[in-house]
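Notes follow once the structure below has been shown.
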Number of protein chains: 2
Amino acid sequence: MQLDKVVQYHKALADPTRIKILILLADGELNGQVLAEKLSVTPATITHHASKLREASLINERRDKNTIYFSLNDYFIKNSASATEALIYRRTNTKGETEMLDEQQLKARDAVIRNFFTEDGRLKHLPGQLKKKLMVLEHMVSKLDKGKKYTEPEINAFIKTFHEDFATIRREFIMHQFMFRENEIYELNPAEMWARWENLS
Amino acid sequence: MQLDKVVQYHKALADPTRIKILILLADGELNGQVLAEKLSVTPATITHHASKLREASLINERRDKNTIYFSLNDYFIKNSASATEALIYRRTNTKGETEMLDEQQLKARDAVIRNFFTEDGRLKHLPGQLKKKLMVLEHMVSKLDKGKKYTEPEINAFIKTFHEDFATIRREFIMHQFMFRENEIYELNPAEMWARWENLS
DNA sequence: TATCTAATTAGATGAACATTAAATTTTATT
DNA sequence: AATAAAATTTAATGTTCATCTAATTAGATA
């Protein structure tokens, strides 16, 4: 269940030492000893915090000889927050207010789809802007069957009908929780798809 | 220091029971007993969690006779996350991606304003949709002087130039933190107004 | 005033967790 | 093979915290 993920993410950020680590890493990668020095704690403490940050996908690690350098996983930091929101405001838009803005939103989405896909339905490239990217991902994922389980090669093949770089896009599917992965099997997130980017805004 | 605030906010969300409370409140206000019942905990536990959520400004409370009803503080839930980001990445927006959607957002806002106000600037009614409501509230509040202090009758009179139901709208101002109230004196929230709903999207 | 209901407080318990020192592991260097 | 450097693990300690029960407070009603 995704509740655990959200809790885990916030736990990771619910400690001053860990926040300070992230702030330090925002200026560039650092190794454990240096972090320990700067924060006046022992290396063991850094190891401890690093594992929590790693489990929440907030940092990356790179080994060079004996030394492990930590760096921010900007991507997750920027996007995990919206997962909380999406969890809290899960329900679809209940009130029947279908006014102009909604129509414009629909138009905007169509424009984005037309803009980022070719006539024969191939993806040109992933949008940089979060909201547009979500629209694009949602468009692709909407072609999958709800409830059906897919193997990784199947998912790869599916994505390749849109774009060569299946690895990146597959990662985006997971990261934005359009899909779940459980022991090598992929499945669509049962939540309403449209609610995703509409509720974010 | 703002680090504490950020840590406090994430601590508030770093517990499954509290997340569940927020999810329940997303469907509308509930009192302590009902929450306790739905979550299979004692009322004392709810009191405990409510105080944490309150300290992080994630919920509002309303008293009716013996009963206290809790509701979401949507505004804080949506915006506190970006405070974390701002703390970690002190620098401003680097990417120059100014594409179509932003322009459409501006157009959309204008459309909402035109839609909910008459030609002579009166408010027809408050939108039900959060985003639109924020636009409408911001539009009104932008006519007030930043830094100036207002008495309650002054605020009421001001609101009545837009709409008869000053009580509701005044409450909305406070609830969505466009204004502060401190011993019967009202004042504009010094935060940038535009940042408010733009950051939501 | 007495009574009812909802909420809060106080104190207790057990689990989770941040931190450290000391021992161990990993990887590279001589 | 021996040594050095960085990271990790282990075990211990003290703190924070979620939860409960029982007692108390606050507000409303009869």
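Both backbone and side-chain heavy atoms feed into the values below; hydrogens, waters and symmetry mates do not.
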For the pair B:Glu164 and B:Arg122, find out whether any cationic side-chain nitrogen is under 4.0 Å from an anionic carboxylate oxygen.
yes
So A:Ile59 and A:Asn73, do their side chains get closer than 4.5 Å, heavy atoms only?
no
Any chance the rings of B:Phe162 and B:Phe158 have centres within less than 6.0 Å?
yes
Take the protein atom CD of A:Glu61 and the nucleotide atom C1' of D:dA7, then report the distance between them rounded to whole Å.
10 Å
Under 4.0 Å between any heavy atoms, over every strand shown, what does A:Thr47 touch: base, sugar-phosphate, or nothing? Just pick one.
base
Base-contact (B) and sugar-phosphate-only (S) positions in nucleotides 18-30 of chain D, heavy-atom cut-off under 4.0 Å, - elsewhere
BBSB-----BSS-
Look at atom NZ of A:Lys124 and say whether more than 12 heavy atoms of other residues, nucleotides or ligands are closer to it than 6.0 Å.
yes
Let me know which of A:His10, A:Arg18, A:Lys11 forms a side chain to side chain donor-acceptor pair (under 3.5 Å) with B:His10.
A:His10
Could you name each residue pair satisfying salt bridge (Lys or Arg N to Asp or Glu O under 4.0 Å) that touches residues 60-71 of chain B, not counting sequence neighbours?
B:Glu29-B:Arg62, B:Arg54-B:Glu61
Atom-pair distance (CZ on A:Arg62; P on D:dA6), nearest Å
15 Å
When the distance from CG of A:Leu53 to P of D:dT8 is rounded to whole Å, what number comes out?
12 Å
